[in-house]
Novice: 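Could you have a look at this structure, given as structure tokens, before my questions?
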Amino acid sequence: MDSLNWIRFQPSQPEPVQSGNKTMVHPPQVARLEPQDYIGSFGVRPGLYERNGATPLPNGVNFTICSCGATAVQLLLFHRGASEPFAILPFPPHYRMGHVYSMIVFHLDIHDLEYAYRVDGPYAPQQGLLFDPSKCLLDPYAKAVAGQSHWGVHTPAHQRYRARVVLDDFDWGNISHPLTPMEDLIIYELHVRGFTNHPSSGVQHPGTFAGLMEKLPYLEELGVNAIELMPIFEFDEMLDCREVNGETLYNYWGYNTLSFFAPNTSYSAASERNREGTELKRLIKACKQRGIEVYLDVVFNHTAEGNGNGPFFSFKGLDNNIYYLLTPDGKYHNFSGCGNTMNCNHPIVRQMILDCLRYWVTTYQVDGFRFDLASILGRGEDGAPMASPPLLQSLALDPILADVKLIAEAWDAAGLYQVGTFPAWGRWAEWNGRYRDDMRRYLRGDNGMAQAAALRLTGSQDIYGPANRSNASVNFFTCHDGFTLRDLFSYHEKHNQRNGWNNTDGANDNYSWNCGAEGETGDPAINALRRRMARNAFVLLMCSRGTPMFLAGDEFGNTQFGNNNAYCLDDATSWLDWSLLEQNKGLFRFVQYMIRLRKTHPILRSNLSDGALNFPDTSFHGATPFKDRFESQDHYIGVLFAGHTEHSGSQAIYVASNAYWEPLTITLPPIPATTAWERVVDTWDEEQRPTHMEGCQFVIRPRTVMVFVAR
């Protein structure tokens, strides 16, 4: 054991904590666990082997860590922010159970405490073994990470990636999960920092969970009922930061996880000493009180440790050959495009991922997860796709996760594309990348896309089967990865020069259309067309079977100035410019209107019956009623939904979409004499005025979408 000046701890005074209407003293003074051994001046005893991480106990802290290849493990204790540990406690041999090391250390002042590990073992890189007892390692089950609390600050290396002990005494009251069915969801994807960091946001705490909470009345007014937060697991925005043309480029999006169990403390408006995550819990509680579900974008496909040249702070030093997929000579497989790939179906890693998701559901009351590059989660230890991946099955069938939404990005960076074939067990939904691509191509007027667009509108049954595989399709035109909706119709090419890669990064197959001019223009006709194209996209999205999702700011024309991969830009390019809300108030009102229309008409969301008013559940139509199949030259599609509801009786909704550059005369399907068609949407106009139709013929103008309801 290293020689140092040992300090005998005195128990710290318990700290009063306000919980609801009660003042508690934490930790509670209950039955004492008496120490059995002493290491130096520390009272210790064997710990709780099944409780991973650091757990506060009535008069001590339980530290548990697993390493299958280690020969020795040391626990390092630091005063907050100190460069050197004040104590190094080796785990005695009889404190190891199998591959698990566990020790209770008594009378620690957790408010002044940070901890890390050193792990010794064989060093054989060609076998994937990288044990190095000189490295301080972050606990994989850390509930909070030190040195990360201030955004954009280079934390000294000796203070990075240490863990803190977190108390969990948040009062959730009688809050309950909304449990909104998939087909009734309207998902709003946002970046916590970017949502409110622009000066125009007007919030008191920009760029934080608290700032987002200030905007919840806005989200409620808009009508969304689920928010999907881009990564909020602890990440290091300064990792691999670069200087390009005098600008600092960050790891802004956060797809470089440091710790799967810890919230990003730089997203908190206030210091939360040993109660890290409280502000996030307040946000989630406030969302639930408004009926808004909260989903986390989770990144289990890789970690921030990168390839062989990347940092070494946790998994590499614990069991590199277990946590990562390796080639036979010990190199890292890179199915993620980020340097390494997690070995998700190894039992140790699989258990950690399951523990992690259970933790976020039970401790943070999270309602769902979107899995980044989820196809990696189905790769075996040889890197090949598995027919029945144990991890995906475990998550689908886990009893604690039974009510939680599981949404897969069903592809990875190595070319594995599983949209429609992702192993589901009746539980997994998917980001429908084919919806995005087919609908973009159809709207911009590509030949041969009418049939595909009609199928996407009616639930992508050609992909997911007639039953839509339990509402598997998450439909979207835009997400964080790619153009905003405004840019989709303002740029023909990506403009990523500021990213520093000579415009080589980001997707090239955007299926975008600039409507006649590249970028911003003063041409009123082009700008009117662009606004109409945005309205067209929102109508089709809200009238499609499946679950609609759109990117924050699309509802008021936010722009990234043609950058389709703004992962590194922490500035006005990535931040929402809330002044555009006032400039584009008409678009905002239109999106509100379409969300209400979707909520009002359940037949837009799901198959309620075999049809109604002499129509099947869904049917296709051309310029005249009923069409078996659309041809290559078709640019007009009519889709009719029909069904019966207990409250509104028989109902039919006809969606008319003209991607032609000329007007067309259309005949609506005939309906019983006791009913009449009412036009409720016409994207040619920004303001919507429901209009009773005389007869069944109408003219649809160029590049316009209309919606009719049979009353």
Side-chain angles (χ1 to χ4, degrees), residues 9-33 42-44 47-48 50-65 75-82 102-116 138-149 161-173 175 208-210 232-234 258-285 355-356 358-366:
F9 265 89
Q10 297 298 322
S12 60
Q13 290 298 315
E15 178 183 357
V17 176
Q18 196 70 30
S19 177
N21 296 321
K22 300 179 180 178
T23 299
M24 302 189 305
V25 174
H26 198 97
Q29 300 302 308
V30 295
R32 293 176 60 85
L33 295 169
F42 289 86
V44 298
L48 308 174
E50 295 182 282
R51 193 173 296 183
N52 288 297
T55 306
L57 299 174
N59 55 330
V61 179
N62 181 82
F63 296 95
T64 300
I65 193 165
L75 171 66
L76 281 62
L77 303 178
F78 299 81
H79 293 300
R80 184 181 287 262
S102 190
M103 176 165 54
I104 297 172
V105 183
F106 293 89
H107 305 313
L108 293 178
D109 178 9
I110 65 171
H111 302 91
D112 183 49
L113 182 69
E114 296 171 358
Y115 73 96
L138 177 66
D139 181 358
Y141 280 75
K143 305 306 189 295
V145 180
Q148 298 296 115
S149 298
Y161 312 153
R162 303 202 300 246
R164 291 198 282 268
V165 181
V166 174
L167 302 170
D168 179 23
D169 55 4
F170 185 77
D171 185 1
W172 288 95
I175 205 72
T208 65
F209 297 126
I232 58 93
F233 288 1
E234 190 66 83
L258 294 178
S259 180
F260 295 107
F261 291 78
N264 188 331
T265 51
S266 71
Y267 284 171
S268 296
S271 176
E272 299 178 324
R273 292 176 66 122
N274 303 104
R275 288 180 174 81
E276 284 82 1
T278 299
E279 191 173 303
L280 174 58
K281 291 173 184 176
R282 290 195 189 105
L283 168 64
I284 295 173
K285 182 176 181 179
D355 289 345
C356 177
R358 283 180 157 208
Y359 173 75
W360 286 98
V361 170
T362 57
T363 305
Y364 284 85
Q365 303 288 306
V366 166

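What you are looking at is a predicted structure, and each value in this text was computed from that prediction instead of being measured.
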Novice: Which residues pass the salt bridge (charged side-chain N to carboxylate O under 4.0 Å, His left out) test with Glu279, not counting sequence neighbours?
Specialist: none
Novice: Report the residues that fulfil side-chain contact (heavy atoms from CB on, under 4.5 Å) with Thr362, sequence neighbours left out, ordered by chain and then residue number.
Specialist: Ile400
Novice: Please report the interatomic distance CH2(Trp172) to CD(Gln365), rounded to the nearest 0.5 Å.
Specialist: 5.0 Å
Novice: Find the distance between CZ (Phe106) and CG (Leu57) and round it off to the nearest 0.5 Å.
Specialist: 8.0 Å
Novice: Return the CZ to CG distance between Arg51 and Asn62, rounded to the nearest 0.5 Å.
Specialist: 7.0 Å
Novice: If I compare all heavy atoms of Phe260 with all of Cys356, which pair ends up nearest, and what's the gap?
Specialist: O-SG, 3.2 Å
Novice: In Å and rounded to the nearest 0.5 Å, what is the OH to CD distance from Tyr267 to Glu234?
Specialist: 9.5 Å
Novice: Kindly indicate whether the side chain of Ser268, heavy atoms from C-beta on, has any atom under 4.5 Å from the side chain of Leu280.
Specialist: no
Novice: Say you draw a straight line from CG of Leu108 to CG of Leu113; how long is it, rounded to the nearest 0.5 Å?
Specialist: 5.5 Å
Novice: How far apart are the closest heavy atoms of Leu138 and Ser259, and which atoms are they?
Specialist: CD2-CB, 4.2 Å
Novice: State, to 0.1 Å, how close Lys281 and Thr363 come at their nearest heavy-atom pair, and which atoms those are.
Specialist: CE-O, 3.6 Å
Novice: Going by the rule salt bridge (charged side-chain N to carboxylate O under 4.0 Å, His left out), which residues pair with Glu276 if we only count those two or more places apart in sequence or in a different chain?
Specialist: Arg164
Novice: With distance as the sole test, does Asn274 use its side chain to make a donor-acceptor pair with the main-chain N or O of Ile110 at under 3.5 Å?
Specialist: yes
Novice: Going by the rule side-chain contact (heavy atoms from CB on, under 4.5 Å), which residues pair with Asp112 if we only count those two or more places apart in sequence or in a different chain?
Specialist: His79, Arg80, Asp109
Novice: Of all the heavy-atom pairs spanning Ala269 and Ala210, show the shortest one and how long it is.
Specialist: CB-CB, 4.0 Å
Novice: What residues form a salt bridge (charged side-chain N to carboxylate O under 4.0 Å, His left out) with Arg358, not counting sequence neighbours?
Specialist: Asp398
Novice: Taking Thr265's backbone N and O only, do any of them form a donor-acceptor pair with Gln148's side chain (distance below 3.5 Å, no angle check)?
Specialist: no
Novice: Could I get the full list of side-chain contact (heavy atoms from CB on, under 4.5 Å) partners for Ala54, not counting sequence neighbours?
Specialist: Val61, Phe63, Tyr115, Val165
Novice: Could you go through Phe170 and Arg282, starting from their C-alpha distance and side-chain angles, then the distance that decides it, and tell me whether this counts as side-chain contact (heavy atoms from CB on, under 4.5 Å)?
Specialist: CA-CA 9 Å; Phe170 185 77; Arg282 290 195 189 105; 3.7 Å; yes
Novice: Is any side-chain heavy atom of Glu50 closer than 4.5 Å to a side-chain heavy atom of Thr64?
Specialist: no
Novice: With side-chain contact (heavy atoms from CB on, under 4.5 Å) as the criterion, how do Val105 and Leu75 come out once you've worked through the C-alpha distance, each side chain's angles and the decisive distance to 0.1 Å?
Specialist: CA-CA 10 Å; Val105 183; Leu75 171 66; 4.0 Å; yes
Novice: Using modelled atom types only, decide if a donor and an acceptor are shared between the side chain of Arg273 and the backbone of His111 within a distance under 3.5 Å.
Specialist: yes
Novice: Angle between ring planes, Phe233 versus Trp360, binned at 30° and 60°: parallel, tilted or perpendicular?
Specialist: parallel
Novice: If I take atom CD1 from residue Ile232 and atom CZ from residue Phe209, how far apart are they, to the nearest 0.5 angstrom?
Specialist: 5.0 Å
Novice: Where is the tightest heavy-atom contact between Lys143 and Asn52, given as atom of each residue plus distance?
Specialist: NZ-O, 4.0 Å
Novice: Taking all non-hydrogen atoms of both residues, which atom of Ile284 and which atom of Tyr364 are closest, and how far apart?
Specialist: CD1-O, 3.3 Å
